[in-house]
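Predicted, not measured: the structure shown is a model, and the values here were computed from it.
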Amino acid sequence: MKKFKFIFLLHFFIFSTAILMAQEDSKTPKRLTNARRPAKVSKYKLTQFNGRWQEISRVKISNNETVNIDDTLFIRFYDSAKADTKQGGSVVITGTVELSGEDEISTSANDFKVLSVSEKELVLDDYYGNVRKLEKKDIFWYETEKPVPVAEPDTVKNIIDISPVSLNKNWFVYRRGANPGFIKPETPLIRDLLIKEKTGENVYSGEIEFSVKGQAVTQPCTLTFDNYSLVISAIANTWNAEIYKADGKELVFGKKGELVYYFKPQ
């Protein structure tokens, strides 16, 4: 009889322990081994951007102060994942559009953080401390007007200072003046120019960012100044230009009747 009770209690103990272990196991979250996290996907779709967008306001992120716009941003998104980008009086740059999982949209000419998009309004962070608000348009004004001839800067009246104090800055193109028909898809268009230091007699080292067929390229470069002339030498491209202005606040160079670049320091 005692032996029977002992066996009964032993089976009861084993059965109870098994139930408790099963209950505890059900409370423990299952971990998937070798599980891959899915790639982050943007909450927006490229089709939401299709159409023409024109900048109507710009505000500083730091203090919500309104910025005076003298280089209005125009973007036209096509349904073929391409876009035309125009900043102020610059030429239109056409390139591929990419939308990342971080809600960053790239038009090959510019990168932006998408803050919101609706049927009539697009709000972007330009990564330069500004929030830009764009409005949907049926057509842009420059698509209906004849090209305006390029203004020819006066080399006599403008200040040309090629000292390190004037030149050593991170310059960005805020405007381009191009004669109709001069710009071709294969033309390397300068976007940014970082002049780092003086390395010789009127010679500087730096980096140049330019776009070819809508693709942005950044390369080290050498800048050689000679009176009113400038030669920028990169890995596979060379720009020969005349200097029209260099006063530390603005840098203007190019060729009259072809293409003139207007820079401001960042």
Side-chain angles (χ1 to χ4, degrees), residues 70-71 85 87-91 93 95-96 98 104 106-112 126-130 150-179 182-266:
D70 58 3
D71 56 346
T85 305
Q87 186 89 30
S90 70
V91 297
I93 298 176
T96 303
E98 295 181 356
E104 179 180 273
S106 172
T107 66
S108 292
N110 302 92
D111 296 324
F112 300 100
D126 66 4
Y127 293 120
Y128 287 102
N130 303 304
V150 180
E152 296 186 356
D154 188 341
T155 59
V156 177
K157 295 181 180 179
N158 288 331
I159 297 172
I160 298 178
D161 177 7
I162 59 172
S163 68
V165 174
S166 172
L167 295 176
N168 288 357
K169 302 176 190 291
N170 193 0
W171 301 92
F172 74 97
V173 175
Y174 73 91
R175 184 163 70 91
R176 297 185 187 93
N179 270 23
F182 179 79
I183 301 296
K184 303 292 191 299
E186 63 274 13
T187 303
L189 295 173
I190 302 173
R191 295 170 57 180
D192 292 282
L193 183 62
L194 172 61
I195 304 179
K196 294 182 178 179
E197 60 180 345
K198 188 174 182 179
T199 57
E201 185 64 29
N202 297 335
V203 179
Y204 288 78
S205 65
E207 289 183 359
I208 188 169
E209 181 181 333
F210 58 94
S211 61
V212 179
K213 295 182 179 180
Q215 298 298 316
V217 180
T218 301
Q219 294 180 352
C221 68
T222 300
L223 302 93
T224 304
F225 295 86
D226 182 12
N227 293 325
Y228 293 148
S229 299
L230 168 64
V231 178
I232 304 176
S233 302
I235 295 174
N237 291 282
T238 301
W239 290 264
N240 293 279
E242 294 180 35
I243 307 171
Y244 302 120
K245 188 175 184 180
D247 62 357
K249 297 179 180 179
E250 189 176 23
L251 178 61
V252 181
F253 63 75
K255 287 189 177 180
K256 298 177 182 180
E258 294 182 3
L259 175 62
V260 177
Y261 291 96
Y262 298 79
F263 294 83
K264 286 182 179 179
Q266 293 186 8

Engineer: So which atom in L223 and which in S205 form the shortest heavy-atom distance, rounded to 0.1 Å?
Structural biologist: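 Heavy atoms only, the tightest pair is CD1-C, 4.3 Å.
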Engineer: To the nearest 0.5 Å, tell me how far E197 CD sits from L167 CG.
Structural biologist: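 It is 13.0 Å, given to the nearest 0.5 Å.
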Engineer: How far does SG of C221 sit from NZ of K196, to the nearest 0.5 angstrom?
Structural biologist: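 Result: 9.0 Å between the selected atoms.
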Engineer: Indicate the atoms forming the closest heavy-atom contact of A246 with S166, along with that distance.
Structural biologist: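 Heavy atoms only, the tightest pair is O-OG, 3.6 Å.
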Engineer: So L189 and L259, do their side chains get closer than 4.5 Å, heavy atoms only?
Structural biologist: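 Yes, at least one pair of side-chain atoms sits under 4.5 Å.
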Engineer: Does a salt bridge link K264 with D71, judged by any charged N lying under 4.0 Å from a carboxylate O?
Structural biologist: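 No, no charged N to carboxylate O under 4.0 Å.
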Engineer: Can you see which heavy atom on I160 is nearest to which on I243, and at what distance?
Structural biologist: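 The pair with the smallest heavy-atom distance is CD1-O, 3.5 Å.
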Engineer: Could you measure the distance from the CD atom of E104 to the CG atom of D111? Nearest 0.5 Å is fine.
Structural biologist: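 One finds 5.0 Å between CD of E104 and CG of D111.
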Engineer: What are the two closest heavy atoms between D192 and Y128, and how far apart are they?
Structural biologist: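 Result for this residue pair: OD1-OH, 4.5 Å.
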Engineer: Report yes if some heavy atom in the side chain of N202 is under 4.5 Å from a heavy atom in the side chain of D226; otherwise report no.
Structural biologist: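 Side-chain contact under 4.5 Å: no.
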Engineer: Closer than 3.5 angstrom, by distance alone: can the side chain of R176 be matched with the main-chain N or O of Q87 as a donor-acceptor pair?
Structural biologist: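 No; zero donor-acceptor contacts below 3.5 Å.
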Engineer: Are F253 and W239 close enough that their ring centres sit under 6.0 Å apart?
Structural biologist: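 They do not qualify: ring centres at least 6.0 Å apart.
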Engineer: Among I208, T238, V217, N237, which one satisfies side chain to side chain contact (heavy atoms under 4.5 Å, CB included) with P188?
Structural biologist: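 Of the listed residues I208, T238, V217, N237, the side chain to side chain contact (heavy atoms under 4.5 Å, CB included) partner of P188 is N237.
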Engineer: Heavy-atom count check: over 12 atoms from other residues, nucleotides or ligands less than 6.0 Å from Q219 CD?
Structural biologist: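 Atom CD in Q219 is crowded, with more than 12 foreign heavy atoms closer than 6.0 Å.
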Engineer: Side chains of D247 and N158, heavy atoms from C-beta outward: is any pair under 4.5 Å?
Structural biologist: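 The answer is no; the side chains never approach within 4.5 Å.
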Engineer: With sequence neighbours left out, what residues match Y204 under ring-ring contact (aromatic ring centres under 6.0 Å, His included)?
Structural biologist: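 Result, ring-ring contact (aromatic ring centres under 6.0 Å, His included) vs Y204: F225.
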Engineer: Quick one: does Y174's side chain have a donor or acceptor within less than 3.5 Å of a partner on D70's backbone?
Structural biologist: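 Between the backbone of D70 and the side chain of Y174 there is no qualifying donor-acceptor contact (under 3.5 Å).
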Engineer: CD1/I162 to NZ/K198 distance, rounded to the nearest 0.5 angstrom?
Structural biologist: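 I162 atom CD1 to K198 atom NZ measures 7.0 Å (nearest 0.5 Å).
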Engineer: Going by the rule ring-ring contact (aromatic ring centres under 6.0 Å, His included), which residues pair with F172 if we only count those two or more places apart in sequence or in a different chain?
Structural biologist: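 None.
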Engineer: Minimum heavy-atom separation for S211 and R191, please, with both atom names.
Structural biologist: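 Closest heavy-atom pair between S211 and R191: CB-CD, 3.9 Å.
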Engineer: Specify the closest pair of heavy atoms between F210 and I190, including all atoms of both residues, with the distance to one decimal.
Structural biologist: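 For F210 versus I190, the nearest heavy atoms are CB-CA, 4.0 Å.
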Engineer: CD1/I195 to CD/E207 distance, rounded to the nearest 0.5 angstrom?
Structural biologist: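 Here the interatomic distance stands at 12.0 Å.
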Engineer: So which of Y261, Y262, F263 actually passes side chain to side chain contact (heavy atoms under 4.5 Å, CB included) with R175?
Structural biologist: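 With R175 as partner, side chain to side chain contact (heavy atoms under 4.5 Å, CB included) holds for just one option, Y262.
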Engineer: Roughly how far, to the nearest 0.5 Å, is CG of N240 from NZ of K255?
Structural biologist: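 Rounded to the nearest 0.5 Å, the NZ-CG separation comes to 5.5 Å.
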Engineer: Go through the structure and list residues passing ring-ring contact (aromatic ring centres under 6.0 Å, His included) with W171, not counting sequence neighbours.
Structural biologist: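 For W171, no residue satisfies ring-ring contact (aromatic ring centres under 6.0 Å, His included) once neighbours in sequence are set aside.
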